[in-house]
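Structure first, commentary second.
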Amino acid sequence: MRFTQALIRTSKEAPADASGVSHVLLTRAGMIRKVGAGIYDYLPLGLRVLRKIEAIVRAEMNAAGALEVLLPAMLPAEYFQETGRWSGFGDTLLRFKDRKGADYHLGPTHEEIITDLARREVKSYRELPLNLYQVQTKFRDEARPRAGLLRCREFLMKDAYSFDVDEAGAKASYEKMRVAYNRIFTRLGLDYRMVSADSGAMGGSTSAEFQVLTQSGEDAIAVSDGSDYAANLEVASAADPALSPPAREAPLPVEKVHTPGHGTIADVAAFLQAPTSRFLKSLVYLATRGAASGRADEQLGGVETVLVVVRGDHEVNEIKLARALGASEVFLANEKAVEDATGARVGFAGPVGFVGKIIVDRDAAIVARGIAGANETDYHTINIEHGRDYQGEVADVRSVVDGDASPDGPGRLKVYRGIEAGHIFILGTHYSAKMGATYLGEDGVAHPMVMGCYGIGVSRLVATAVEQHHDDDGISWPTPIAPYHVHLVSLGTDEAVMSAGKTLEAELVAKGIEVLWDDRDERPGVKFKDADLIGVPLRVTIGGKGLASGIVELKRRGDRSKAFDALPVATAADEITRRVREALG
RNA sequence: CGGGGCGUAGCGCAGCCUGGUAGCGCACCUGGUUCGGGACCAGGGAGUCGGAGGUUCAAAUCCUCUCGCCCCGACCA
């Protein structure tokens with residue numbers, strides 16, 4: 001493809017409203033354009049990347065035995081009404097009416113529609129298992145679209161749904177997808193981790209997220225350096241400290257000390273000259289029950305006050321806390337509630353003498369000579385020992401931090417930022433039971449199909465790849481998803497150079513190599529800058545000087561040095577082809 | 001939805017406070033000189049200043065309403 005005919009418009013500056021590295025670079029490289037908040041055009045260059053990702057996803061889904069279908073994006077309300085999501089989805093659902101005034105919406109996800117398809121098409125256990133997938137545009141009226149392609153209102157997603165006769169079958173289908181997803185992310189050339197995650201409203205289901213590691217990720221994940229353990233920070237645990245307790249200092253008698261005006265841990269730590277890890281950070285939480293157990297009406301208003309104690313250098317993890325309490329939701333008490341519960345100003349809460357339920361994090365429970373508020377304004381208590389000076393239920397309620405021991409044995413945890421690009425989980429019979437998607441079993445009885453669902457954010461992956469693969473000069477695509485394999489840069493418009501460019505392009509194309517030939521009448525600097533920005537993995541430069549000595553220059557995009565490989569013109573196409581094939585794996 | 005910010009040429013911005021009918025850089029077009037890491041000179045095209053209403057002899061500028069966009073937070077099967 002000749003640059004002059006490819007509708008490639010690069011720019012030195014990005015629009016002021018572009019935010020995030022991938023948004024800026026994709027826009028500057030002329031791959032996408034914003035049409036509205038969370039709504040984008042894909043220009044030819046950007047579309048090529050999107051299609052490459054799609055192709056890899058398709059190939060692996062097909063290889064895993066999934067069947068491709070295409071469901072509508074425009075949906076009558078009745079299906080979501082059937083499962084309660086017509087209202088349950090809230091404002092995220094893009095609703096509209098047709099000319100007759102009937103309710104419709106654009107599909108944000110397709111559990112209902114696929115379940116409807118399955119209940120109509122599948123009658124017998126003989127037809128199961130079945131895995132159907134599609135690559136389709138989804139619509140979600142996000143409260144806050146952001147960062148270009150990372151969080152859109154219209155986006156391309158691959159969604160797959162498996163149907164099985166029982167849990168064991170569903171588990172097997174899920175395993176197949178787990179393997180397929182690992183193959184997909186590996187082939188995409190991305191550094192990712194499969195992590196266990198909060199399974200959300202479904203509760204207790206098997207699920208895994210595929211997180212692509214980038215500094216700009218919205219999610220935090222903890223990864224072990226000595227084992228396979230990896231988990232979303234929402235659910236990550238460190239090894240139980242009680243199993244390998246540190247040497248303890250001999251207990252001292254409890255003392256109350258005057259700490260006038262020192263309410264924050266940093267403050268008191270400086271005042272008492274003690275490390276923050278000796279502190280027992282004591283936070284008053286309110287926990288509600290109900291919604292998660294499905295009995296909101298019975299339990300509504302049932303609010304419990306709990307004092308949560310974690311080490312001073314640790315943070316409470318509210319998701320883990322809610323789980324430990326069996327609560328549907330937990331939130332920090334406001335100032336007044338704290339004062340009511342502790343009898344002291346905020347900043348002076350502590351477990352000693354606290355009246356009410358106390359949850360102690362495992363690490364806080366083994367702190368020796370602990371320091372905490374005295375539940376009396378301007379006083380702290382020191383030399384506290386759990387079990388001796390206060391009682392509390394011990395649980396794992398803190399977020400893990402860098403350096404924590406991995407829970408499955410060897411290794412230390414390190415916290416990374418990640419972008420969720422895929423999520424697989426077992427749905428069970430949640431949708432099939434509600435919608436009557438049943439099959440007749442060998443026993444002649446109708447059973448609900450056991451489902452799983454598996455999503456990949458295809459368009460999000462375009463941006464994710466850029467977030468992970470870029471430098472100051474632009475994008476540096478992994479070869480499997482690069483818009484072209486080779487960026488041919490011809491310098492000047494001399495007949496010899498142009499004709500050599502034309503010949504090399506033709507030779508490469510004949511070998512199945514995708515070539516972008518910058519045939520513009522531009523100065524070398526402009527061409528090199530654009531090549532770096534666009535990020536094609538191999539750059540081949542044809543210049544008069546090189547040509548005179550019979551060579552062209554080959555350089556990898558990621559290589560920041562001035563060095564290049566001099567390829568004899570006669571065998572350049574062969575060598576370049578070899579290099580591309582090697583990079584494609 | 002709460003808080004903050006911004007809408008002036010395709011893009012980045014100045015002008016607004018203190019009203020007098022719009023300017024700079026990049027990009028684009030023409031001609032010329034250049035040519036291995038975003039050249040230079042000369043000339044040129046392009047904007048109902050987001051929209052509506054109001055104040056005024058006069059509004060990009062002041063007032064009211066409204067739409068859009070961005071950021072932080074809440075939310076996110």
Side-chain angles (χ1 to χ4, degrees), chain A residues 8-20 23-24 27-28 30 33-40 80 83-93 105 107-115 138-148 150-153 155 157 159 161 197-203 205 207 209 218-219 234 318 329 331 420 423-427 430-431 451-455 457 460 472-474 489-494 497 518 520-534 539 541-548 552-553 555 560-562 564:
Chain A
I8 300 172
R9 299 297 134 87
T10 61
S11 61
K12 290 185 197 172
E13 286 175 307
D17 61 8
S19 67
H23 190 186
V24 168
T27 303
R28 284 189 51 210
R33 294 286 184 255
K34 189 172 84 175
V35 172
I39 308 173
Y40 291 85
F80 269 51
T83 59
R85 290 210 291 184
W86 176 255
S87 54
F89 230 96
D91 292 335
T92 303
L93 198 61
H105 70 280
T109 176
H110 286 250
E111 282 81 7
E112 283 84 348
I113 312 308
I114 201 81
T115 304
K138 303 291 191 226
F139 299 86
R140 295 181 193 180
D141 194 3
E142 293 285 349
R144 187 149 99 78
R146 70 189 89 172
L150 283 177
R151 192 170 202 78
C152 283
R153 293 196 291 171
F155 59 97
M157 181 173 178
D159 48 327
Y161 305 89
D198 187 30
S199 35
M202 299 309 162
S205 300
S207 88
E209 288 175 351
E218 285 186 321
D219 293 337
E234 292 174 345
E318 297 188 355
E329 199 183 5
F331 46 93
E420 182 187 350
H423 200 165
I424 59 177
F425 55 99
I426 294 179
L427 290 170
H430 184 81
Y431 292 93
M451 294 172 58
C453 79
Y454 319 94
R460 172 180 280 186
D472 291 345
D473 293 316
V489 175
S490 53
L491 302 183
T493 52
D494 290 354
V497 170
D518 192 342
R520 293 177 298 172
D521 181 13
E522 286 286 358
R523 293 163 63 87
V526 172
K527 293 191 173 191
F528 291 140
K529 287 289 185 187
D530 277 345
D532 287 345
L533 179 59
I534 291 166
R539 188 181 83 194
T541 305
I542 304 180
K545 275 185 283 181
L547 225 43
V552 296
E553 301 164 13
K555 192 167 170 49
R560 299 284 70 199
S561 74
K562 292 236 193 292
F564 59 83

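Residue numbers start from 1 in every chain, and the chains themselves are labelled A, B, ... in the order their sequence lines are given, proteins ahead of strands. These numbers were taken from a predicted model, which means no experiment stands behind them.
- Expressed to the nearest 0.5 Å, how far CG of A/D518 lies from OG of A/S490 amounts to 6.5 Å.
- If you take atom P in B/rC41 and the same atom in B/rC26, they sit 9 Å apart, rounded to whole Å.
- The side chain of A/R523 approaches B/rC35 more closely than any other nucleotide in the set B/rG38, B/rG36, B/rC35.
- Applying the side chain to side chain donor-acceptor pair (under 3.5 Å) test to A/D91 and every residue at least two apart in sequence or in another chain returns nothing.
- For A/R539, counting side-chain heavy atoms from C-beta on, the closest listed nucleotide (B/rG38, B/rG12, B/rG37) is B/rG37.
- Place A/D473 and A/F155 on RNA chain B by their nearest nucleotides, and A/D473 ends up nearer the 5' end.
- A distance of 3.0 Å separates CG of A/D159 from NZ of A/K138, quoted to the nearest 0.5 Å.
- Residues that satisfy the salt bridge (Lys or Arg N to Asp or Glu O under 4.0 Å) test with A/E218, not counting sequence neighbours, are A/R146, A/R151.
- Pairing partner, B/rC65: B/rG51, with both Watson-Crick or wobble hydrogen-bond distances short of 3.5 Å.
- Pairing for B/rA42 is with B/rU30, a Watson-Crick or G-U wobble pair whose two hydrogen-bonding atom distances lie under 3.5 Å.
- Pairing for B/rG23 goes to B/rC13, judged as Watson-Crick or G-U wobble with the two contacts each under 3.5 Å.
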## Note on the structure
Once base and sugar-phosphate atoms are separated, protein heavy atoms under 4.0 Å mark nucleotides 69-74 of chain B, 5' to 3', with B, S and - as SSBBBB
